[in-house]
Protein chains: 2
Amino acid sequence: MSVITIERKVLEKNDEIAHQNRALLARHGILALNMVSSPGAGKTSILERMLERIKEHVPIAVIEGDVQTDLDARRVARYGVPAVQIVTRGGCHLEANLVRDALAGLALAGIKILIIENVGNLVCPSNYDLGEAFKVVVASTTEGDDKPMKYPAMFRNASVLIINKIDLLPYVASDIDALQSNALAINPALTVFRTSCTTGEGISAWCDWLLAKAGVRG
Amino acid sequence: MSVITIERKVLEKNDEIAHQNRALLARHGILALNMVSSPGAGKTSILERMLERIKEHVPIAVIEGDVQTDLDARRVARYGVPAVQIVTRGGCHLEANLVRDALAGLALAGIKILIIENVGNLVCPSNYDLGEAFKVVVASTTEGDDKPMKYPAMFRNASVLIINKIDLLPYVASDIDALQSNALAINPALTVFRTSCTTGEGISAWCDWLLAKAGVRG
């Protein structure tokens, strides 16, 4: 029982800080995304294709979350956008206080879109509000079409589903339509995009939708 | 501080039950594996190929861990081996007490190999001893070659690395040799196999190694 009490307190404290983050972002007119997925589903690759496509149209900043290393922040920094790396040192998800500290290291004035790339984990990040406008869950075609049923919380709490690696469809047994309908059965409100970071397919549609959400013309 | 204290207590309690599980398995002469990976790396598919290959040679039982659904236990049960599903209902990893309860539901006499398939999560299961002889981490070629650096604990705590989905190598940017050397840099003691569940490549080598470990002729 004590563990459950502590966990509830941790979540309540997290939600309070997330609320403050959300207010700070709103004051600056920043649309913030929380990108979540299994390790290796392609969050950073999608982010790289997004930066190529929209960084000339809109000022973007990035917060990278990883258990270890700053590899992802270095990948992103090559695109000339402000990027802060959070290293959780074993922690399996980002929490609102880590994002608050990262926000303190960013010049927020003028930024329109903030992309927070969470730790690769399809379970734990689903419970932690970071202050984002919405969560984007990335599922790759190689992971199999049963993942929404097996990891429902993440799909339930996201607003956008990006089905990535569609270039690999000819070589895998996954049924992409089954993946999408399994996800929509859990969360009918999901907006779904299908992308390939190798061919670039679908990246424009996702970016155009995002720019419209942020009130920016692409 | 209180959270850390509680976590330490949880881990100590877990280790105590894991110790009891290990003693129970030893009494029955059972070699137990704890299979861990990202969601969708192919743990269940490898298990299916293993059952096809070795279930005639050696009595096997399976414990399936999932956040939700009994899809995997149903997949495994088709092979005619005893299988118990643990549904964690949101929990991000198996714990020793869940495995203890699952063991109580299996007829252990005569079983030689027990395969425990953990929840798909490359972070949290690394800390929880279940009483297994060793951990097997599965990394698929589609996840990218940087995963050992980004999720080091899992690779450090495993004895075997299975690099799966090698049939997809012509279609992905991953460098399989870099993946292997990144893993060995973290844990030089890893025994590495390279497999494809689509073509069957590498499955025999892995099964032969496992049968030898279990003291069974393949």
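Throughout, a chain's letter reflects where its sequence line sits, starting with A, and its residues are numbered from 1. Worth knowing before you read on, the calculation uses all heavy atoms, side chains too, and leaves out hydrogens, waters and symmetry mates.
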For chain A, which residues from residues 182-207 of chain B have at least one heavy atom closer than 4.5 Å to it?
none
If contact means a heavy atom pair closer than 4.5 Å, which residues of residues 139-150 of chain B contact chain A?
B/Thr142, B/Glu143, B/Asp146, B/Lys147, B/Met149, B/Lys150
Quick check for you: among A/Ser45, A/Gly91, A/Ala41, A/Gly120, which has the greatest number of heavy-atom pairs under 4.5 Å with chain B?
A/Gly120
Ordered numerically, the heavy-atom neighbours of chain A under 4.5 Å found in residues 165-173 of chain B are B/Lys165, B/Asp167, B/Leu168, B/Tyr171, B/Val172
Given heavy-atom pairs under 4.5 angstrom as the criterion, report whether the side chain, backbone, both or neither of B/Pro39 touches chain A.
both
Is there a donor-acceptor contact under 3.5 Å from the side chain of B/Tyr151 to the main chain of A/Gln68?
no
Could you tell me which residues satisfy salt bridge (Lys or Arg N to Asp or Glu O under 4.0 Å) with A/Glu95, sequence neighbours excluded, listed by chain and number?
none
Under 4.5 Å, counting heavy-atom pairs only, tell me which of B/Asn127, B/Val119, B/Leu122, B/Asn121 racks up the most with chain A.
B/Asn121
Over all heavy atoms of both residues, which pair between B/Gly90 and A/Val123 is shortest? Give the atoms and the distance, please.
O-CG1, 3.6 Å
Quick one: do A/Cys124 and B/Cys124 satisfy side chain to side chain contact (heavy atoms under 4.5 Å, CB included)? Show the steps, please.
CA-CA 9 Å; A/Cys124 314; B/Cys124 314; 3.4 Å; yes
Is the NZ atom of B/Lys13 crowded by more than 12 outside heavy atoms at less than 6.0 Å?
no
